[in-house]
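Okay, structure first, notes after.
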Amino acid sequence: MIYVIIMTSENHSEKESILRLRDNWEEAVAFRVTIIDDGNCRANHKVGQKFEFSWKSPEGICTESLVGMYPILHSMRVFGDMRELGSSERNVRVYNCPSREIKFKIKALYKCNICGSQLQVNQDGVQSLQLQCTKPEFPLRVCESCYSNYKEKRIEW
Ligand SMILES: [Zn+2]
């Protein structure tokens, strides 16, 4: 036997009708970097090695390569289309290290700002719905379920 308790919204206070983003915030963009070709490397990178990160540099990655790939990471962070640089997918780019020894496959992962679930990317871009934070004002990229859960709420940082 399953009991379902349904809470009515009659007693909801003003506070409960506000979604506080600071308690839920998920970074919109993360990067998955995979080594797909290796060679003579002082950082000892090997094929198959993976790094996943957002704002903090991942431990063990070659610093020269991280600096070299940064313009790509930045472009992905602002939803740049890697096909403009010759990639076949808009969120994937291969980066060659300065010594031309190591190849890094960089994939941008786009996430719902509220729950962190991964958003799909297709030819038209990142598939998401939009909500608005009102204090301060900025747009949010969210998944379908967060959209329906929070579309009636006021959203503040
Ligand atoms: Zn979500």
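Whatever order the structure lists ligands and atoms in, that order sets their numbers, starting from 1. The structure presented is a predicted model; accordingly, all values stated were derived computationally and were not measured.
Partner Ser54 forms a side-chain contact (heavy atoms from CB on, under 4.5 Å) with one of Arg77, Glu26, Lys111 and no other, that one being Arg77.
Nearest heavy-atom pair, Leu109 versus Gln118, reported as atom, atom and distance to 0.1 Å: CD2-NE2, 3.6 Å. When all heavy atoms of Ile102 and Cys41 are compared, the closest pair comes out as CD1-CB, 3.6 Å.
Here the protein contributes Cys112 SG, Cys115 SG, Cys143 SG, Cys146 SG as N, O or S atoms under 2.8 Å from the Zn ion (ligand 1).
Environment of CD in Glu64: sparse, with no more than 12 heavy atoms of neighbouring residues, nucleotides or ligands closer than 6.0 Å. Dense packing is recorded around CD of Gln132, with more than 12 heavy atoms of other residues, nucleotides or ligands lying under 6.0 Å away.
There is a path of hydrophobic side-chain contacts, each under 4.5 Å, that joins Leu73 to Phe79.
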